[in-house]
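The structure appears below as structure tokens.
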Amino acid sequence: METIIKTIDSNDIDMDIIEEFGKMLREGKTVIFPTETVYGLGANALDEDAAAKIYTAKGRPSDNPLLVHVSDISEVDNLVENVDEKAKLLMEKFWPGPLTILFKKKSVIPDRTSGGLDTVAIRMPSDEVARRIIKAAAVPIAAPSANISGKPSPTKAEHIIEDMKGRVDAILIGGECNFGVESTIVDLSGDYPLVLRPGCVTLEMLREVLGKVEIDPSLMNKDDNIKAKAPGMKYKHYSPDAQVYIVSGDDSSRISKINELIDENSKKGLKTGVLCMSKNLDSYKAKTFDLGNNYEEAAHNLFDELIKLDKEGIDIAYAESFEEKGVGVAIMNRLKKSAGYRIIKA
Ligand code: AMP
Ligand code: MG
């Protein structure tokens, strides 16, 4: 398949490009575009055949539903049975932005989009390019992350061109994604709201608006007996070819533990990498991958650094652990999945 590739300046948006890409989406084509979370692989959410193309391009299991993106809150009523008070509060507070809300779907949403579920997950992105393309398409847009299934999500142009050129109709390159991890997903159908995927809208932020909010217990530890409520969370994900381990403990014991492991690995001829905060870049006897100075920067950098591990031919990577509060919950969730829940205590 030939892929049209164009670049857009998010500070000076070329509306001709927006119209061209919106039209492609409306006509059932697959289009990759930037959002504030990660790059999305979009298609018309109301068109079964278009939605099916997303699964093919990503190699995505067919029971893993797609997120639906709208350009305005007013579009939600056409897609869902009911918008309750809690959903209204969340939309007012966090939309546009990286929060996805589950609703009972209307029949206009085809099963192909909802993965056969009777619910649909909707968000309104804050990224100006994303919102304008969706508006130009004049249809809601199903758009999961634009990676091959199982791999880290793309936050930079170079990630996408390598993986997706030839698999989609068009790619629109914008800047780097601001947040860097995918949206928070919240389910309001139970006794209290449940976070099915942690993201940059944190549990603490949700609790300020809704009171009691919990996280889907299946996400915190690996337990094959507890089923994840978001079908996608059960799959292997964010996995580079390198074997990733999380190392927990205080900073100094973690540094000495990782350096011991580096020595053992190099005796076996294995190349080690360390994913660490900027302040520790010089503390390790192996190649380091810079996650930044704070949790927000780490969320922004995480997928890019995971992708770099493979580019550098790393066999084994150790990641410094994060405290599971604020954005740290989302970072640890992605890290645990990429590490297959392997945690070494220092
Ligand atoms: P992605 O589109 O790659 O960001 O992944 C979307 C995530 O949302 C996956 O983990 C899906 O399983 C989850 N998801 C989408 N729709 C629903 C739904 N109706 N109910 C539960 N989880 C959903
Ligand atoms: Mg994804």
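Computed from a predicted structure; not experimentally measured. Just so you know, ligand 1 is whichever comes first in the structure, and atom 1 is the first atom listed for that ligand.
Here is the list of ligand 1 atoms found below 4.0 Å of a heavy atom in Ala121: 15 (C), 16 (N), 17 (C). Of all the atoms in ligand 1, the ones that sit under 4.0 Å from a non-hydrogen atom of Lys229 are 21 (C). Atoms of ligand 1 lying under 4.0 Å from any heavy atom of Asn64, numbered from 1 in the order shown and given with element: 9 (C), 11 (C), 12 (O). Near Leu117, meaning under 4.0 Å from one of its heavy atoms, ligand 1 places the atoms 18 (C), 19 (N), 20 (N). Numbered from 1 in the order shown, with element, the atoms of ligand 1 that lie under 4.0 Å from a heavy atom of Leu102 read 17 (C), 18 (C), 19 (N), 20 (N), 21 (C). Shown in contact with Ile185 at under 4.0 Å from a heavy atom are these atoms of ligand 1, numbered in order with element: 7 (C), 8 (O), 13 (C).
Residues passing the side chain to side chain donor-acceptor pair (under 3.5 Å) test with Ser126 are Glu36, sequence neighbours excluded. With sequence neighbours excluded, no residue forms a side chain to side chain donor-acceptor pair (under 3.5 Å) with His237. Residues satisfying the ring-ring contact (aromatic ring centres under 6.0 Å, His included) criterion with Tyr284, sequence neighbours excluded, are absent altogether.
Residue contacts with ligand 1 do not include Ser114, since none of its heavy atoms lies under 4.0 Å from the ligand.
Ser278 and Asp290 are linked by a side-chain donor-acceptor pair at a separation below 3.5 angstrom, with hydrogens and angles left out of the test.
With a 6.0 Å cutoff to the six-membered ring centre and a 45° limit on the axis angle, Lys212 counts as a cation-pi contact of Tyr192. Annotation: cation-pi pair Arg334/Phe303 absent, no NZ/CZ under 6.0 Å from the ring centroid and within 45° of its normal.
Between Glu182, Arg197, Lys105, it is Arg197 that holds the heavy atom closest to atom 5 (O) of ligand 1.
Remark: Lys93 does not engage Glu208 in a salt bridge, criterion side-chain N to carboxylate O under 4.0 Å. Using a cutoff of 4.0 Å between basic side-chain nitrogens and carboxylate oxygens, Lys23 and Glu27 are scored as salt-bridged. In this structure, Asp304 pairs ionically with Lys156, as a charged nitrogen and a carboxylate oxygen lie closer than 4.0 Å.
Considering backbone and side-chain N/O of Thr119, one or more are found under 3.5 Å from N/O of ligand 1. Residue Ser145 places at least one N or O, backbone or side chain, under 3.5 Å from an N or O of ligand 1. For Gly232, a nitrogen or oxygen atom sits less than 3.5 Å from a nitrogen or oxygen atom of ligand 1, counting backbone and side chain alike.
By the 4.5 Å heavy-atom criterion applied to side chains, Ile258 and Thr272 are not counted as neighbours.
Side-chain N or O atoms of Arg60 include none that pairs as donor or acceptor with a backbone N or O of Ser149 at under 3.5 Å.
Listed by chain and number, Ser145 OG are the protein N/O/S atoms closer than 2.8 Å to the Mg ion (ligand 2), with waters left out.
Contacts with ligand 1 closer than 4.0 Å are made by side-chain heavy atoms of Arg60 only, the backbone lying farther away.
The shortest contact between atom 23 (C) of ligand 1 and any protein heavy atom is with Pro65 CG, 3.6 Å.
To the nearest 0.5 angstrom, Ile133 atom CD1 is 11.5 Å from Ser71 atom OG.
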